[in-house]
Every structure is written in structure tokens, then in C-alpha cells.
Amino acid sequence: MLRSHNCGELRKSNVGETVQLCGWVDSYRDHGGVVFIDLRDRYGKTQVVFRPEEGSEVHIEGRHLRSEDVIQVAGEVVPRTEKDVNPKMVTGEIDVRVRELKVFSKSKTPPFEPRTQDLPNEELRLKYRFIDLRREELRKAMILRHKLTKLARDYFDEQGFLDIETPILGKSTPEGARDYLVPSRVHEGEFYALPQSPQIFKQILMVAGYDRYIQIAKCFRDEDLRADRQPEFTQIDLEMSFVEQDDVLSMVEGLLAVWMKELRGVDLQLPLPRLSHAEAMERFGTDKPDLRFGMEIVEITDLVADSDFGVFKNVVGSGGRVRGLNVKGVGDRYSRRVLDNDMKNLVGEHGAKGLAYFKVVGGKLESSIAKFFNEEQQKAIVERMQGEDGDLLLYVADQPDVTSAALAALRNHLGKDLELYDPQEMAIAWILEFPLVTWNEDEQRWDAEHHMFCNPFEEDLEYFVTDPSKIRARSYDLVCNGYEGASGSIRIHDTKIQQQVFDLLKIDPEEAEERFGFLLEALRYGAPPHGGVALGLDRWVMLFSMYDNIRDVIAFPKTQKASDLLSGAPSEVDPKQLRDLHIKLDLPK
RNA sequence: GGCCCUGUAGCUCAAUUGGUUAGAGUAUCGGACUGUCGAUCCGAGGGUUGCGGGUUCAAGUCCCGUCGGGGUCGCCA
């Protein structure tokens, strides 16, 4: 070993010991005589001291050390005088007095230093990821990620789950997200696809009798990125046989309880709150509500249908709804400019054509459009909204889905802007009973909401013929602070029901065989009732470490355009490689 | 694909309404200093204002295009 201790462990009790430390020069302070170096490794920092009387050569070399040089020092642990103790460092009670110095490697002047307060822009951080990863914040995130993963593996192991790997090179199934394709050299003109999830394989494992499966699985989706979406990401993927929905939910809840206990020291209240999809849409306008604060959506369609306000009246007349939010006590906080521009634009991004607003004054409404509502209507609105003097009431009038999307966005914006919640809090809940299918207006057909192997409620089977939009699925999402943290369902194991679903989705038998016949075939050889769920590991690390993007919890993330600025991927390849694969490029001009 | 933000010294930022030689902190280099811990003090070097075009007597600043980064809508079963 090149070191006897790491840089985070020496204490007063080590005084007098001769030690060797290795690490990176975090900072240096040269007083001409005495030179101080903060030596850093993954475990912490220790101050090492060069004094002229320890030998001129070592001292001179010490004076030339610069940020990020990698060195080994040998010397004696000495106590600091009381006034020199640094209470900000756990190793602040001691120094290592350097007798010998070895410089393993000098560093070029780094583009930024790991100890910097002013973070450089993300482009630079990604290009020099090896330096960014030296920062304490990122190191903490990596450690937290390790802990979440380790706790999950241990938990599922205790519950009898088997960790089984599934292929990375798989078959393209053109449902859902765009596939990342990998050309086959051996099979000319044919392609593998990287898995969007191990979905089909884990169901086949259930058929094969491995009734509790778990995998920390890399998944790939070639879609546009977001703050919480990377082209490759990690799922904690599991599947269980001979279970009902509640069994899967409580299994996941058990994991969350472990995480909360071990990482936050909190006893998670179980079972977690459960909301139906319909209820979530009604109260929060979204299937992934941020439940850290209230400010729920309230409907006033019935109260304004007869008002003199043309906008509301017309919307109601054409089947629309008028819904809004009561923003408590901020009647004067937002200027008309903010309301008419910023907030209107925000709801506009979600299709709303306008934003109506009132201030509650003396139990009535005040605003430029208040005159269109008679006293009775005003009082009814205030009462419905539970309005008190000084409240701000905001309304969107439009088709139902537009009011939901617009008000959900507005609610999230206001919650953050008004700091309506404790950022430390984690509000976790299940969203249940998603619709099995949604109508695709462009294609004029029904699309699976979750996926096509998702089991409908038996009591809803009659709606297959009468009104497919009413069929509820045995599917469930776990939401936390407005993020989808897990998603799963009980699967279909009955071939008759599976056929009904295919019929509804207009997937003809031949097509079904071609796309995923191997799963359908497996299901014909004795399929147990089964279901499962996948947790987005990156998002949970992000939530537990309170970042607002997942790049900060991934060691080597990609940019919004899916490139890796560190390695330069993607990149052109040698023409010979393309020839081997029989690929000719046909690029846009 | 749409919309919004952004790009000035290695880094973080400034630069009045379009107007003189584009500044500051930090980093780097040189010097001073024997107890600092964001060390301090003195000095020096460091710029194709992302790139290309245009308007103008004059462009970091205005216009068009383009590239990179970020946010978001579409998209993501």
C-alpha cells in the first residue's frame, strides 16, 4: 500500500504516529517559510505542513505543488495548538508534518477547481467530468447512489428475489419509444435493439417459474431529453408471480421504508396514500402531482355557465370546463404584467387561450372582468373556492384536458415560487386505476396507456364494446414531489383477454406474432398470474439528494442532444466498419 | 420539429441609450512573508466578445444565419 491512512480519518488520537497519505492537492498556502497543503481524496481532506527545518529539498518541492497534483507524503501526525484548530474539518485538530514527498503526477492547470464555489457552465463540467466528479457534492451523490442500490439489492435478496440479467442486444418492438439500433454483422441488413426495459424477458422469467425477479437494469430510449430524462438510464426492475396488485405495492413500499429509514432516519408511514388516476386529474390536473402542498384545482363550470362573461359562457357551451386555483393570501403579490404575460404564457404553453384572475375583497371578486358576474355569482364562486379576503383566484376555461395541463403547470410554478413546501420533504403516493387505453386522435385508434400486456379490471370488461375509455387497468405509478418514481402493472396471463386487448388496439394476430410472438408463445405454456414494477433509480437518487436534474447523479451523463462531451460520442466510424455491416449513409444535405 | 434562456480572459462575471485602449474577482507566472485554512501584500502576462454574414461614421451591444449548453412543449407504451 502506498498509504497508511486516507485523508479523512486522522484524529487527535493518531498524534505521534508516522503515516503515509496519498491524494490530490486541493489548495496550498505558501508563507515563504511554512507551506500548508490541503490534501484531498475521496474520504476527505487533511492539512499537511512543509517546514524549512524538515529539509530544504522537501520544502522547496512542497512550495511548487499546485492544484490537482497527485502526491504521497510521509510524516508525523502532530497536534495543532488550540487557536489553530479548524472546526470546519473533521481532521482539523491535527497536521501531518511532511518528512518525505513523492509527486506521482503534476497536473495541468485545471479549467476549474473541485473546491470552487462558482460552478462553471455545464458544458465545461461535462467535458472535464473527471474533475467535476472530484467535487464533494458529486461525490456525495455517487455515494448516495451506491447506498440506494445496495439497500435495494439487500432488501430484495431478503425477500427472496433472484437477480437475473436479461439481454442488452434484443429484438426491436416498435411500440413506445424509439429504439436504439445495433446493426448485426453476421445477419446482413438486420438489427438488434437496445432494451427500452426488460419488460418481455421478465414476464418470460415468470412463465419459467422464477417467481421473484429483480434486476438493476440499464434501459435505452431514443427520445428527446429532459432534466429528468437521459437516453440511457437505470431501473430497479422487478416482477412477481402469484400476486395481486396490493402485494406488489407493499413490496415496493417496504423498499421505500428502508430507504427513508437508512438515508433520512425517517419512519415512512405505510401504507402510502393512494389516489385513483381520475382523482389525481380532478384535484391536481396531472397523474404525477406534487403532494407536498395543497392548492387543489376547483371547478366552477356550473357557477359561471349563465354569467355575462362571454369567454366562460362559450367554453361551457362547447363542452369545456372552467377550473381554477385559490392562491391563498397573495392578491397583491403579482403585478398585472406578471399575470397577463408570464403566467398567461405559462398556461398558454399547455394550450390555454387565457388566464382569468380575481382578487377576493370583502367576500366578492375584484378584477377587470368582475363586472361580468353578478353579486350572487361572485359570492358563490368565493364560497366554492373557500376564498378569503386577499386571496388570488386564477381560472382557465377550456376543454377538460387543457384545463388540467395548464392548471397543473400553474400549480407547480406557484408552489415553487411561493415556497409552499419544505424542499426536504418527500411526498410519496400511489396513483392507481389508469385508463387501459387512450384515444389517439391523429391515428384514429386506441393506444395502450401503460402497455398492451396490462391487465384490465374484470368488472370493466363490458366496456370493451361500449366505451373503451372507461376500462381501468391494474396499473400503478409511484409519484414523489411531482416526479414519476415507479411504474408497473399486473399483467395479462389469460390469452382470451390478451386477444381482446389486441383487437381493441387493432393489432392483428399476424402482426402480434411477428412483434412479440415469443412472449405470446411462452404465455401458452403455463403462465402464472404475475405483475411487477420498475423504479427509476436515477430519479430516486435525485430526489434523495435534492437535485433537480438527473445528470448530477449519473457519473457520465449525456447532454440534451444525447452526446457525451467527455468521450465525444457519438462519432463517425471508419468506412471499413460500415462496409462490414453493409451500411451506406444517406445523410441530409 | 416549436418556443424561451444562454455563450465576453483558463474560470465566474461586468461593460450606461450603439461611442475612447473591453474591466473586476479568481486562477496562472514572478517577488515578499514561519501558523494559514477562501491566507495576505506587491507586480506581470492573459481577449478572433462561440462562428459566419449584414446594418452603421462606429457593433460585445442591433438584424439574419449557424454551432454548442440549459429549460420546456411535442415526444417519452
Side-chain angles (χ1 to χ4, degrees), chain A residues 26-39 45-54 59 63-64 66-68 78 80-89 91-92 95 97 108-113 115-128 131 173-179 196-197 199-200 219-231 233 342 345-351 405-406 409 412-413 434 436-438 440 442 446-454 473 475 484 487 489 501 505 507 515-516 534 536 548-549 551 558-561 563 565:
Chain A
D26 194 64
S27 64
Y28 63 93
R29 296 172 291 281
D30 183 353
H31 288 243
V34 65
V35 176
F36 301 98
I37 301 273
D38 288 344
L39 195 62
K45 292 179 198 174
T46 300
Q47 176 166 278
V48 303
V49 186
F50 296 78
R51 298 185 63 93
E53 56 268 33
E54 311 294 345
H59 182 248
R63 294 189 69 176
H64 286 103
R66 292 294 178 268
S67 297
E68 304 311 303
V78 296
R80 298 194 196 180
T81 63
E82 200 172 320
K83 83 169 180 49
D84 287 331
V85 166
N86 185 346
K88 291 186 220 158
M89 291 169 72
T91 59
D95 289 325
R97 191 171 289 195
K108 289 171 69 177
T109 301
F112 62 96
E113 295 184 28
R115 65 194 181 111
T116 187
Q117 298 295 311
D118 304 327
L119 265 187
N121 71 51
E122 201 145 350
E123 195 176 346
L124 198 79
R125 289 176 54 202
L126 291 171
K127 183 173 176 191
Y128 294 95
I131 292 173
T173 52
E175 267 68 46
R178 217 171 276 119
D179 284 324
Q196 295 177 23
S197 82
Q199 183 61 39
I200 290 178
C219 305
F220 307 85
R221 293 177 190 177
D222 187 6
E223 295 292 348
D224 287 350
L225 275 52
R226 290 287 185 280
D228 64 344
R229 269 162 35 188
Q230 282 272 303
F233 59 100
D342 301 5
N345 290 345
L346 178 66
V347 296
E349 280 174 30
H350 298 270
N412 281 339
H413 169 76
F434 280 67
L436 184 75
V437 292
T438 48
N440 183 330
D442 296 336
W446 294 101
D447 281 345
E449 168 80 15
H450 185 60
H451 60 60
M452 65 191 72
F453 310 116
C454 185
S475 69
E484 179 192 313
S487 182
S489 64
V501 174
L505 298 175
I507 297 172
R515 287 191 194 172
F516 28 75
D548 54 10
N549 78 75
R551 290 185 300 279
K558 292 183 173 54
T559 69
Q560 198 172 50
K561 289 205 172 114
S563 41
L565 297 182

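Below, chains carry the letters A, B, ... as their sequence lines are ordered, and counting in each starts from 1.
In plain terms, the two heavy atoms of A:Arg80 and A:Asp84 that are nearest each other are NH1-O, 3.2 Å.
Taking the C1' atoms as reference points, B:A9 lies 11 Å from B:U26, given to the whole Å. Comparing the P positions of B:U21 and B:A58 gives an interatomic distance of 14 Å, to the nearest angstrom. B:A14 and B:C62 are spaced 14 Å apart, taking the P atom of each and rounding to whole Å. For the P atom pair drawn from B:G31 and B:G70, the interatomic distance equals 42 Å after rounding to whole Å. Spacing between B:C5 and B:G10 at atom C1', rounded to whole Å, works out to 25 Å. Comparing B:U12 with B:G50, their P atoms are spaced 13 Å from each other, to the whole Å. Taking atom C1' on both B:G53 and B:G46, the two are 29 Å apart, rounded to the nearest angstrom. Nucleotides B:C13 and B:C67 are separated by 23 Å at their C1' atoms, to the nearest Å.
When heavy atoms are screened at a 4.0 angstrom cut-off, A:Arg551 is found touching the sugar-phosphate backbone but no base atom. Contacts of A:Asp447 with the nucleic acid, taken as non-hydrogen atoms under 4.0 Å apart, are absent. Residue A:Asp84 is classed as a base contact, given a heavy-atom separation below 4.0 Å to a base. As judged by a 4.0 angstrom heavy-atom cut-off over every strand, A:Arg66 is placed among residues touching the sugar-phosphate backbone only. Nucleic acid contact class of A:Gln199 (heavy atoms, under 4.0 Å, all strands): base. Looking at heavy-atom distances under 4.0 Å, A:Gln560 makes contact with a base. Across all strands shown, A:Tyr128 has no heavy atoms under 4.0 Å from either base or sugar-phosphate atoms. The residue A:Leu124 sits close only to the backbone: its heavy atoms come under 4.0 Å of sugar-phosphate atoms, none of a base. A:Ser563 comes within contact range of the sugar-phosphate backbone alone, with a heavy-atom separation under 4.0 Å but no base atom that close. A:Asp95 comes within 4.0 angstrom of a nucleotide base, judged by non-hydrogen atoms across all strands.
Donor-acceptor pairing under 3.5 Å, judged by distance alone, is absent between the side chain of A:Arg221 and the base of B:C76. A donor N or O paired with an acceptor N or O is found under 3.5 Å between the base of B:U36 and the side-chain atoms of A:Gln47. Between the side chain of A:Arg226 and the base of B:G70, no donor-acceptor pair of N or O atoms lies under 3.5 Å. Between the base of B:G70 and the side chain of A:Asn549 there is no donor-acceptor pair shorter than 3.5 Å. Side-chain atoms of A:Arg29 and base atoms of B:G38 include no donor and acceptor less than 3.5 Å apart. Donor-acceptor pairing under 3.5 Å, judged by distance alone, is absent between the side chain of A:Arg115 and the base of B:C37. For A:Arg80 and B:C37, a side-chain-to-base donor-acceptor distance below 3.5 Å is present, hydrogens and geometry of angles not being considered.
A:Lys45 has no carboxylate O lying under 4.0 Å from a charged side-chain N of A:Asp38, or vice versa, which leaves the two without a salt bridge. Under the 4.0 Å criterion applied to side-chain N and carboxylate O atoms, A:Arg51 and A:Glu53 are assigned as salt-bridge partners.
A donor-acceptor pair under 3.5 Å is formed between the side chain of A:Asn121 and the backbone N or O of A:Leu124. A donor-acceptor contact shorter than 3.5 Å is absent between the side chain of A:Glu68 and the backbone of A:Lys108.
Closest to the side chain of A:Asp224, out of B:G1, B:U36, B:U34, is B:G1. Listed nucleotides: B:C76, B:U28, B:U72. Nearest to the side chain of A:Ser67: B:U28. The side chain of A:Tyr28 sits closest to B:C29 out of B:G69, B:C37, B:C29.
Within the model, atoms CD1 of A:Ile131 and CD of A:Glu113 stand 9.5 Å from one another, a figure rounded to the nearest 0.5 Å. Here A:Cys454 contributes atom SG and A:Glu449 contributes atom CD; the two are 9.5 Å apart, rounded to the nearest 0.5 Å.
Inter-residue side-chain proximity for A:Glu122 and A:Gln560 is flagged as unmet; no heavy-atom pair is nearer than 4.5 Å. A:Glu123 places a side-chain heavy atom less than 4.5 Å from the side chain of A:Leu565. For the pair A:Phe36/A:Val34, a side-chain contact is recorded, criterion being any heavy-atom separation below 4.5 Å from C-beta on.
The residue among A:Arg63 and A:Phe112 whose nearest nucleotide of RNA chain B is located toward the 5' end is A:Phe112. Heavy-atom nearest nucleotides on RNA chain B were determined for A:Gln196 and for A:Asn121, and the one closer to the 5' end corresponds to A:Asn121.
The aromatic ring of A:Phe36 sits over the base of B:U36, with ring centres less than 5.5 Å apart and planes inclined by under 30°. A distance cut-off of 5.5 Å between ring centres, combined with a plane angle under 30°, places A:His31 in a stacking arrangement with the base of B:A39.
Contact annotation: A:Thr559 reaches the phosphate of B:G69 (side-chain N/O to OP1 or OP2, under 4.0 Å). For the OP1/OP2 pair of B:G70 and a distance below 4.0 Å, the side-chain nitrogens and oxygens of A:Lys561 include no atom meeting the criterion. Contact annotation: A:Lys108 does not reach the phosphate of B:G10 (side-chain N/O to OP1 or OP2, under 4.0 Å).
Across all strands shown, B:G71 is found opposite B:C3 as a Watson-Crick or G-U wobble partner, with both distances under 3.5 Å. A 3.5 Å limit on both hydrogen-bonding distances identifies B:G50 as the Watson-Crick or G-U partner of B:U66. With a cut-off of 3.5 Å on both Watson-Crick or G-U wobble distances, the partner of B:U26 is given as B:G10. Base pairing analysis places B:G19 opposite B:C57; the two distances defining the Watson-Crick or G-U wobble pair are each below 3.5 Å.
Evaluated for a side-chain contact (heavy atoms from CB on, under 4.5 Å) with A:Thr46, the options A:Asp26, A:Thr91, A:Ile37 yield exactly one hit, A:Thr91.
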Short N/O separations, protein against nucleotides 45-47 of chain B, under 3.5 angstrom:
none

